[in-house]
Amino acid sequence: VWEAVDATDARYAGALRELTGIPGIRWEEVAAVLRGRRAARHLRPMPPPVVDDAGHGAYWASFAWDAGKVRPYALGDDAGHWYTLEVPEGASPDRPAPVWFDLGLFSSGAPPGFACVRLNERIPSAAELGTAKMSMTAGFAIQSIVLSVVADLERRFPVDRDRVLCGGYSRSGNAALYEALHWPDLWAGAAVASGWYEFDDAFLPNLRGVSVLAAWGADAGHRDSNAGTRRLAERLEAAAHGAVTRHASEGRAVEGLDAPFLAWVQTPRRDPLPRKFNYTMTDPRHRGAYWAEIESVRTTGALRTVVIGAPGDDSAERFQVHGRTATLTVEVTSADAVTVRASNVASAKLRLSPDLFDLSKPLRVTAGGRTTPHVVTPSIETLLANYRRDGDPRRLFPAEIRVTP
């Protein structure tokens with residue numbers, strides 16, 4: 001099973017054939033292996049990353065990005081070029097630990113009992129990563145790096161995937177907000193310090209399952225982003241988000257933040273398989289969360305560009321989004337029934353977990369005022385394809401169906 005999980009794209013088909021060729025093997029057996037987690041490779045801190053710019057430049061120049069596609073990459077033995085890992089005292093292979101992921105410039109140290117991940121300090125300031133132009137918030141490279149690091153942790157350390165939190169300051173605070181909005185199923189919480197970019201209120205429900213620490217200061221250098229972070233807290237509270245922690249500083253946002261941060265970080269927990277949630281998208285690179293994905297929209301509307309930074313500033317970050325939002329709301333009503341409500345969605349995919357549904361029965365999907373039975377066909381191939389996407393033993397999907405809401 002693990003050979004198939006770890007196989008390169010070129011070798012995966014052969015590894016899958018070898019696994020499914022075992023006489024009598026069932027998807028339930030493969031799921032049991034994945035759910036039981038693999039043995040962590042080590043419980044030691046990773047060595048310091050390469051520190052010379054030439055060494056990083058040569059490595060990044062040779063890294064083969066996938067034409068702008070946001071996805072996890074296998075970091076292999078070169079993971080030290082991307083991040084460092086601090087292991088908590090008393091770590092044990094039998095006891096998964098929570099993880100604090102510092103996206104950059106967040107001054108608080110590792111919380112007690114947490115593994116601490118820090119991006120290589122050269123990444124936020126790099127102009128480009130090989131053939132990929134660097135953008136700390138919107139660039140496909142940094143987003144792929146974050147997804148890759150979270151997946152890579154499973155190979156090196158026993159991770160409590162329901163207690164992985166991220167945060168950052170300034171540009172990295174922008175990134176923490178972006179991560180939480182577009183991957184709410186990945187994070188238990190996000191700490192946004194002087195981080196901000198404009199987004200519609202339609203996106204606020206995406207954060208319903210993510211605990212948010214919003215920190216702002218009074219420093220002139222972050223005037224606009226501080227105001228934005230404060231508005232973020234106010235908007236979430238007005239939307240009855242229910243899990244917002246505020247921190248206001250007379251100086252920079254990270255000043256005096258240690259105590260509030262250490263108190264906040266102990267409480268957030270992710271629900272990996274919520275029975276009801278919604279996902280709103282305008283960025284075509286990010287189409288879903290938890291166990292639903294928007295495959296196509298009815299109309300994109302006129303494309304518009306989101307700018308993070310001052311217009312005309314060479315360091316400003318830009319990405320294009322659809323002019324019209326698309327929203328998908330799904331709710332489990334029984335072990336063989338689900339309700340789908342959608343706005344501007346032409347086609348959607350539901351990934352089905354045995355923890356939510358009886359996969360031995362047809363699934364009754366209610367959408368657009370009608371109920372339709374869907375045949376459910378669990379398979380090892382579907383299970384592994386989904387596991388290879390994010391390596392999360394708490395979210396196993398051996399079956400999928402497509403619906404047209």
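Residue indices begin at 1 and follow the sequence shown.
- Each of R71, R395, R161 was evaluated against D390; a single residue qualifies, R395, per the side chain to side chain donor-acceptor pair (under 3.5 Å) test.
- Residues Q266 and R163 are in side-chain contact: their nearest non-hydrogen atoms beyond the backbone lie under 4.5 Å apart.
- Between L34 and V1 there is a side-chain heavy-atom pair separated by less than 4.5 Å.
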TODO: Take E255 and R252, measure what salt bridge (charged side-chain N to carboxylate O under 4.0 Å, His left out) needs, and give me the verdict at the end.
DONE: CA-CA 6 Å; E255 294 177 7; R252 297 184 304 143; 3.7 Å; yes
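- Here W100 and F261 bring their ring centres to under 6.0 angstrom of each other.
- From L356, atom CG reaches atom CG of L359 across 9.5 Å, with rounding to the nearest 0.5 Å.
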- [ ] Could you walk me through whether F397 and Y387 pass ring-ring contact (aromatic ring centres under 6.0 Å, His included), step by step?
- [x] CA-CA 8 Å; F397 305 112; Y387 188 85; over 10 Å; no
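- Note that OG1 of T20 and CD1 of I25 are 8.0 Å apart. Values are rounded to the nearest 0.5 Å.
- Counting heavy atoms of neighbouring residues, nucleotides and ligands inside a 6.0 Å radius, atom CZ of R11 does not exceed 12 of them.
- Counting heavy atoms from C-beta outward, H322 and L303 have side chains that approach closer than 4.5 Å.
- A donor and an acceptor atom, one from each side chain of D283 and Q320, are nowhere located under 3.5 Å apart.
- Inter-residue side-chain proximity for H222 and S170 is flagged as met; some heavy-atom pair is nearer than 4.5 Å.
- Looking at heavy atoms from C-beta onward, T325 lies out of side-chain contact with V297 at the 4.5 angstrom threshold.
- A donor-acceptor distance shorter than 3.5 angstrom exists from the side chain of R95 to the backbone of G90, with no hydrogens or angles considered.
- In this structure, E18 places its CD atom where only 12 or fewer heavy-atom neighbours from other residues, nucleotides or ligands lie under 6.0 Å away.
- From R388, atom CZ reaches atom CG of L16 across 9.0 Å, with rounding to the nearest 0.5 Å.
- Residues passing the side-chain contact (heavy atoms from CB on, under 4.5 Å) test with T299 are R324, N344, sequence neighbours excluded.
- Judged by distance alone, with hydrogens and angles left aside, the side-chain atoms of Y279 form a donor-acceptor pair with the main-chain N or O of H182 at under 3.5 Å.
- Using modelled atom types, one finds a donor on one side chain and an acceptor on the other under 3.5 Å when comparing T327 with T280.
- Looking only at side-chain heavy atoms (C-beta outward), V192 and L213 stay at 4.5 Å or farther from each other.
- R118 contributes atom CZ, which lies 10.5 Å from atom CG of L105 (distance to the nearest 0.5 angstrom).
- Side-chain N/O atoms of Y83 and D152 include a donor and acceptor closer than 3.5 Å.
- At least one donor-acceptor pair under 3.5 Å links the side chain of W65 to the backbone N or O of L129.
- Inspection of the S211 and W264 side chains reveals an N or O donor paired with an N or O acceptor under 3.5 Å.
- Y169 and F106 have their aromatic ring centers separated by at least 6.0 angstrom.
- Side chain to side chain, Q143 and H286 meet the donor-acceptor criterion of an N or O pair below 3.5 Å.
- Checked options R287, R351, R402; the residue passing with E295 is R402 (criterion: salt bridge (Lys or Arg N to Asp or Glu O under 4.0 Å)).
- Cation-pi geometry between R235 and F199 is met: the NZ or CZ atom falls under 6.0 Å from the ring centre, inside 45° of the normal.
- Residues V164 and L186 have side chains not in contact (no heavy-atom distance under 4.5 Å, counting atoms from C-beta outward).
- With rounding to the nearest 0.5 angstrom, the OG1 atom of T382 is 13.0 Å from the CG atom of L396.
- Taken from OG1 in T329 to NZ in K276, the straight-line distance is 7.5 Å, to the nearest 0.5 Å.
- For R26, the CZ atom counts as densely surrounded, since its 6.0 Å shell holds more than 12 non-hydrogen atoms of other residues, nucleotides or ligands.
- The shortest distance between side-chain heavy atoms of V146 and E179 falls below 4.5 Å.
- Atom CD of E29 sits in a crowded spot, with more than 12 heavy atoms from other residues, nucleotides or ligands closer than 6.0 Å.
- Cation-pi geometry between R285 and F140 is not satisfied (NZ or CZ under 6.0 Å from the ring centre, within 45° of the ring normal).
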TODO: In sequence, state the C-alpha distance, the side-chain angles, and the governing distance for L352 and I401, and then conclude on side-chain contact (heavy atoms from CB on, under 4.5 Å).
DONE: CA-CA 8 Å; L352 307 181; I401 62 170; 4.1 Å; yes
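- Atom CD of E128 is surrounded by more than 12 heavy atoms from other residues, nucleotides or ligands within 6.0 Å.
- When only modelled atom types and interatomic distance are considered, R171 and N174 share no side-chain donor-acceptor pair under 3.5 Å.
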- [ ] Quick one: do Y59 and W82 satisfy ring-ring contact (aromatic ring centres under 6.0 Å, His included)? Show the steps, please.
- [x] CA-CA 10 Å; Y59 175 77; W82 305 107; 5.7 Å; yes
